[in-house]
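Quick notes on the structure that follows.
In this text, all values refer to a predicted model and were calculated from it rather than measured experimentally. Residue numbering restarts at 1 for every chain, and letters A, B, ... go by the order of the sequence lines.
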Protein chains: 2
Amino acid sequence: MRSDHFTSRLLQVSMAAVLLYACKPNNAGNAVSGNAAEKTYVAPGKYDEFYNFVSGGFSGQLSVYGLPSGRLLRVIPVFSVDPEKGYGYSEESKPMLNTSHGFVPWDDLHHTELSQTNGEIDGRWIFVNGNNTPRVARVDLKTFRTAEIIELPNSAGNHSSPFITENTEYVVAGTRFSVPVGDNTDVPISSYKENFKGTISFISVDKNTGGLSLAFQLETPGVNFDLSHAGKGPSHGWFFFSCYNSEQANTLLEVNASQRDKDFILAVNWKKAEEYLKAGKGTKKAVRYAHNTYDETSHTSKSEILNEVISLDPKVLKDICYLIPCPKSPHGCDVDPSGEYIVGSGKLAALIPVFSFTKLQQAIANKTFEGEYDGIPVVKYESALYGEVEKPGLGPLHTEFDGKGNAYTSFFVSSEIVKWNIKDLKVLDRAPTYYSIGHLCIPGGDTKKPNAKYVIAYNKITKDRYLPTGPELAQSAQLFDISGDKMQLILDFPTIGEPHYAQAVSADLVAKNSTKFFKLDENTNPYVTKGESNAKVVREGNKVHVYATCIRSHFAPDNIEGVKLGDEVYFHITNLEQDWDIPHGFAVKGANNAELLIMPGETQTLKWVPEKTGVVPFYCTDFCSALHQEMSGYIRVSPAGSNIPLTFSLGKTNTPETTNSK
Amino acid sequence: MRSDHFTSRLLQVSMAAVLLYACKPNNAGNAVSGNAAEKTYVAPGKYDEFYNFVSGGFSGQLSVYGLPSGRLLRVIPVFSVDPEKGYGYSEESKPMLNTSHGFVPWDDLHHTELSQTNGEIDGRWIFVNGNNTPRVARVDLKTFRTAEIIELPNSAGNHSSPFITENTEYVVAGTRFSVPVGDNTDVPISSYKENFKGTISFISVDKNTGGLSLAFQLETPGVNFDLSHAGKGPSHGWFFFSCYNSEQANTLLEVNASQRDKDFILAVNWKKAEEYLKAGKGTKKAVRYAHNTYDETSHTSKSEILNEVISLDPKVLKDICYLIPCPKSPHGCDVDPSGEYIVGSGKLAALIPVFSFTKLQQAIANKTFEGEYDGIPVVKYESALYGEVEKPGLGPLHTEFDGKGNAYTSFFVSSEIVKWNIKDLKVLDRAPTYYSIGHLCIPGGDTKKPNAKYVIAYNKITKDRYLPTGPELAQSAQLFDISGDKMQLILDFPTIGEPHYAQAVSADLVAKNSTKFFKLDENTNPYVTKGESNAKVVREGNKVHVYATCIRSHFAPDNIEGVKLGDEVYFHITNLEQDWDIPHGFAVKGANNAELLIMPGETQTLKWVPEKTGVVPFYCTDFCSALHQEMSGYIRVSPAGSNIPLTFSLGKTNTPETTNSK
């Protein structure tokens, strides 16, 4: 095994931030001016000004905060099961988490991208990425529910995703880990350079429905793609991806992928790629990936396994892809509101290069190349460079824009946000963050029209910022007022999971479209029960289907007999309420399953396989009325082969065996 | 099936609150005085004054908020799986969710009870109940982790739990749903009156370790036990349980369990029960229940199935149990700080009865009984009554105390908190809640020493209190300043799941004991790897054990070959860090499993069953350093029967097949 001196230098660098603050006094970072309380206070019953959609990182979910209060309004289950909501447990939701690997109960959600029209947030959908088992999801902002999840074949890790074009034509996904793809994948790890390849996926988005489909994949050199952003305005039609590990190391990357002075930003001319696609220059590849969709009227989801993708090879189709050298291990890859400037953030660099789209186009036209990397032309660094921000800080990660000609860059190692001017590249302001900021967010900060009232820091290290909660601490966000020349820290607020990228949007753009309940008469669930008189219990072999309703404060039926050991019981519960915020819950004692949380007008199904004889209670798990505690029932489980007939009833106090027999 | 007129009257009552506020103007309930912002603002880096432990209800978890900020500091997984933390997914944590029904991934957590010494919160543990599959859990306040879960046999639903005695001698659990118990449980539901019984469990708590064991169960009539509280001071030695459905209805309880003018509070003389237990008056009953314990040094848990409980029959042992009539369907059952007054809250009643412990003792001594209910003496209502609070509001649920002679009662239907004087029973103040309050909390409000700075309302209906988030809304809590004569609403804050009971404790009592990391040299996990030089990969049949370490910023080993289809891979990852807030995560692409989130000094194990050949990446899921993105590795999966030897390495760039072979 290796000795520890290998990483000593890098440990010093990466631990700097930690050590720097490990012994800080408890009152550090509290420099808030007197009006911060008013600036962040949202009085009871008043609304926040912004929705802040924050990636949950290793929670796999998407959380929604109000700004400026920092209040957690909702956690939307996306890639991880949520026993609270029955997400991944109800028969209706299980298909959403299907993949080519089978059912996957978790993922690592890193980035958010609100849908855009003409480069501005349109408030319709938000896209998020699954980083571990490569997927992209679409969340509908009318219902705040996950509407669709598409898996990415030929991909391992999905980090530079789900960034979009200015009219949401495409959502992209670049592989984070290159792997052997195709027919023979059982190769030595040490054969990385020969056998490992990357891909970049372009997922098209239906203008009306938001429906996702995998339009094409670009074959790329075997590197690690990290982040990306689309061009806009003049650079619309291009996409930019940062990549690291151009060393093509397969082990100890902290050392071996940090050797080269520069890695790359990959510039992709996707309009050109579209032309080649239309011209039939693509190659069909056999793959397996899941495409899962949720139907809002039937409240059901389905999972399809698809078998083909069209692949384009930029080594052959020469004018799709160009590499721009970028100082070491670039992370963030951000395009300013004008679309002219592309900011690369080398996480081990001490400067920030700003590239010019105009100069890049000239360099390409003039073939000002320094050579090729694995068949892709590499333009000369200086030929695409607008300029460098000098000594901005240590460890630049991400940049957002205020629409007033300024950029805000996060620095992990020196733990700060630095504001600088895009034209003259001069540093204008810096604010410390507690501690070690990762992403940052300005409302609309990666669009053509930022709303520069706040910048929010999403920090990686929390330590002593809040009351201690044992070894595990919530990660911390910090809200800064940037309406003036200088950043003003006004609030710390804890977050769910680990926040990576986040976006914020003016509340009035989203709130007005919010669904309050589902219309019962539009419910097309195959097991819907529209009214108590239609409630029934039906046996199909060893499957017992309970068609039940709930309304304040009872289930119909609430007495069921004739179930036997060996049966599978499916409780199909329809919530008859047609009023806002009157869900009902449903749970059965001892079920190896979660609960159902059923919204008004919705039908949800819980599978229960009884494993003992006896009388088992079920009840409403969501306090719904003064008589909620009474909202319960019993189901009797008899031995296999028992002759107890299948019966059900509500309100019948005589022996149920003789009532409502079917 | 039944016709809808059955419940019309009750629907009117229970929907009153809803209808009352359905069309309220958007600015209702915003009457906050000017200094509310300052009162609730906790500046960045400053600490909250109180920990607020809030039950998660149908989330199955326990959430921890800071007060007065209302910031969510942490969600502690207890009864539900948590993919984010690997809780219920890691090999070490799976046993915590085992039950006599097998693995149960969810429950409904209703009530919190902080451990007490001499009737005051001692900050050591917090107990919580699982309402669906009857269980009680103990959370350790040094680590903020679930340390123990015990299942309750002969029980169905566990609502009147986990309330404790003033020196934490016992945690109690009364069955919510009576069911047939014993040998023949396959009986008609309509035979409730003959066959259905209740039980009350007394779980003893080890003074030093907090260890739980089921001391004894009381057999009770077949009713629904709802809530409870122990006596204190003069009434120490007694326990009080509210019960409803004394009608013993088995269907449509909203109607059939609301017939009687009075149900009961059950007074239990548990000291007397202890005497009978010592005297061998108990009967051993054969049962099956799980007892799950977490070991903090090995970071592992184990589940035992136990087979016996000692049962006491109050019908025979006459002087253990007495019933006190209580106006209809009592819910809350609360004892004031002096221990003299027992407050019953009939959720369909328009008054609040206050019982006197002294009068109850006299009534028992003088046998002032009105008869028996199913063999249990029923004392005359007036003989135990201190007095009634008249016209306090509609739908009283719960009462907390301020230690200054005042009680605060929540009213669901009239949606308000009412403050009244315990001695003269006069109403002193009332404050509306938005909307339909359930539980409420004053720090220490159910102990001998309340800290009456705040009362917090935990509301059941949210509707328009926050920006809309589709059909599903966070439930809302409201913070009132009660340092003056009148309640002052100062903050609304959203909550996780559904908050039922919650408790708050002064931060200084808990914060000082908080564990910051686990000591590596004390780690006794059987698969611990203490240092990279000990890392190895070992095959045992088709099981491959990876003994790996992680430290900023690599895993050792990070290249593994020789795994074959049909193998089960166990990644045993030890976090070598010994610094606060430096966890590492671990995930493998495509695993039908969650991630590991490994605290410093801890070992956790992820099981992975590869289902395809190829080279599969794994990586750290928790951003840990400037080189976190580089913290990854590869594992190669070959076909079954392949002859690729089992090898592992770190930093070796030559062919791994020839290195470190075992």
Side chain, backbone, both or neither: which part of A/A511 has a heavy atom under 4.5 Å from chain B? both
Please classify the contact of B/S100 with chain A as side chain, backbone, both or neither, using a heavy-atom distance under 4.5 Å. both
Does this structure show an ion pair linking B/K589 with A/D108, if we count only N-O contacts that are shorter than 4.0 Å? no
Under 4.5 Å from a heavy atom of chain A, the part of B/P180 involved: side chain
If the condition is side chain to side chain donor-acceptor pair (under 3.5 Å), which residues does B/E602 pass it with, not counting sequence neighbours? B/R145
Quick one: pull up CH2 in B/W580 and NZ in A/K463 and give me the separation to the nearest 0.5 Å. 7.5 Å
Taken in chain and number order and not counting sequence neighbours, the residues that satisfy side chain to side chain donor-acceptor pair (under 3.5 Å) with B/E498 are B/K460
Let me confirm one number: the NE2-OG1 distance from A/H554 to B/T251, rounded to the nearest 0.5 Å. 9.5 Å
Heavy-atom pair count under 4.5 Å with chain A, highest-scoring of B/R176, B/K347, B/K516, B/K142: B/R176
Relative to chain A, which of B/V64, B/L73, B/T613 shows the most heavy atom pairs under 4.5 Å? B/L73
pair A/V179-B/V616: side-chain heavy atoms closer than 4.5 Å: no
Is it the case that the side chains of B/N224 and A/Q629 hold a donor-acceptor pair, with the cut-off being a distance below 3.5 Å and no angle test? no
For chain B, which of A/I496, A/L72, A/T99 has the most heavy-atom pairs under 4.5 Å? A/L72
So CG of A/L252 and CD of B/E630: to nearest 0.5 Å the spacing works out to 10.5 Å
How close do A/P83 and B/W106 get, heavy atom to heavy atom, and via which atoms? O-CD1, 3.5 Å
Heavy-atom donor-acceptor pair, A/D492 side chain to B/P44 backbone, under 3.5 Å: no
Any side-chain heavy atom of A/E84 within less than 4.5 Å of one from B/S80? no
Between chain A and each of B/P105, B/S59, B/P494, B/A594, count heavy-atom pairs under 4.5 Å; write down the option with the most. B/P105
Return the minimal non-hydrogen interatomic distance between B/V81 and A/V81, and the atom names on each side. CG2-CG2, 4.5 Å
Specify whether B/F623 and A/F412 have parallel, tilted or perpendicular ring planes, treating 30° as the upper limit for parallel and 60° as the lower limit for perpendicular. tilted
Sub-3.5 Å donor-acceptor pair from the side chain of B/E561 to the main-chain atoms of A/I189, do we have one? yes
Residue from A/P583, A/G497, A/G395 scoring the most non-hydrogen pairs under 4.5 Å with chain B is A/G497
Can a donor-acceptor pair be found between the side chains of A/T185 and B/K612 at a distance below 3.5 Å? no
Give the ring-plane orientation class for B/F177 versus A/Y619, where under 30° counts as parallel, over 60° as perpendicular and anything between as tilted. tilted
Which one, B/M631, B/M599, B/H331, leads in non-hydrogen pairs under 4.5 Å with chain A? B/M599
Can you say whether B/N245 sits under 4.5 Å from chain A via the side chain, the backbone, both, or neither, judging by heavy atoms? neither
Exercise: identify the closest heavy-atom pair between B/Y41 and A/A36: OH-CB, 3.2 Å
Test side-chain contact (heavy atoms from CB on, under 4.5 Å) applied to A/L253 and B/D558, step by step: CA-CA 10 Å; A/L253 266 58; B/D558 72 356; 5.6 Å; no
Within the structure provided, determine whether B/D48 and A/Y466 are in side-chain contact (heavy-atom separation under 4.5 Å). no
Residues A/N132 and B/V588: closest non-hydrogen pair is ND2-O, 3.0 Å
Is there a side-chain contact between A/E472 and B/L597, using heavy atoms and a 4.5 Å cut-off? yes
Sub-4.5 Å side-chain heavy-atom contact between A/E611 and B/H101: yes
Most contact-rich option vs chain A, by heavy-atom pairs under 4.5 angstrom, among B/G590, B/P600, B/A474, B/G614, is B/G590
Quick one: of B/T133, B/V637, B/V75, who has the most non-hydrogen atom pairs under 4.5 Å with chain A? B/T133
Would you please test A/R636 and B/D186 for side-chain contact (heavy atoms from CB on, under 4.5 Å) and show each step? CA-CA 7 Å; A/R636 176 184 178 183; B/D186 177 28; 2.7 Å; yes
Do B/Y51 and A/P468 make a side-chain contact, defined as non-hydrogen atoms from C-beta onward lying under 4.5 Å apart? yes
Atom group of A/T40 that falls short of 4.5 Å from chain B, counting heavy atoms: side chain
So, the side chain of B/D622 versus the backbone of A/F58: is there a donor-acceptor pair under 3.5 Å, distance only? no
I'd like to verify something: which residue of A/Y244, A/Y89, A/F103 has the highest number of heavy-atom pairs under 4.5 Å with chain B? A/Y244
Using a cut-off of under 4.5 Å for heavy-atom pairs, which of A/S632, A/A257, A/G70 has the most such pairs with chain B? A/S632
Gap separating the OG atom of A/S514 from the CG atom of B/L467, nearest 0.5 angstrom: 9.5 Å
Quick one: what part of B/A591 sits under 4.5 Å from any heavy atom of chain A, side chain, backbone, both or neither? backbone
Of all heavy-atom pairs between B/T469 and A/F144, which one has the smallest distance, and what is that distance? O-CB, 3.4 Å
Do any N or O atoms from the side chain of A/E254 and from the backbone of B/L627 form a donor-acceptor pair under 3.5 angstrom? no
Within the side chain of A/D581, is there an N or O that forms a donor-acceptor pair under 3.5 Å with the backbone of B/I461? no
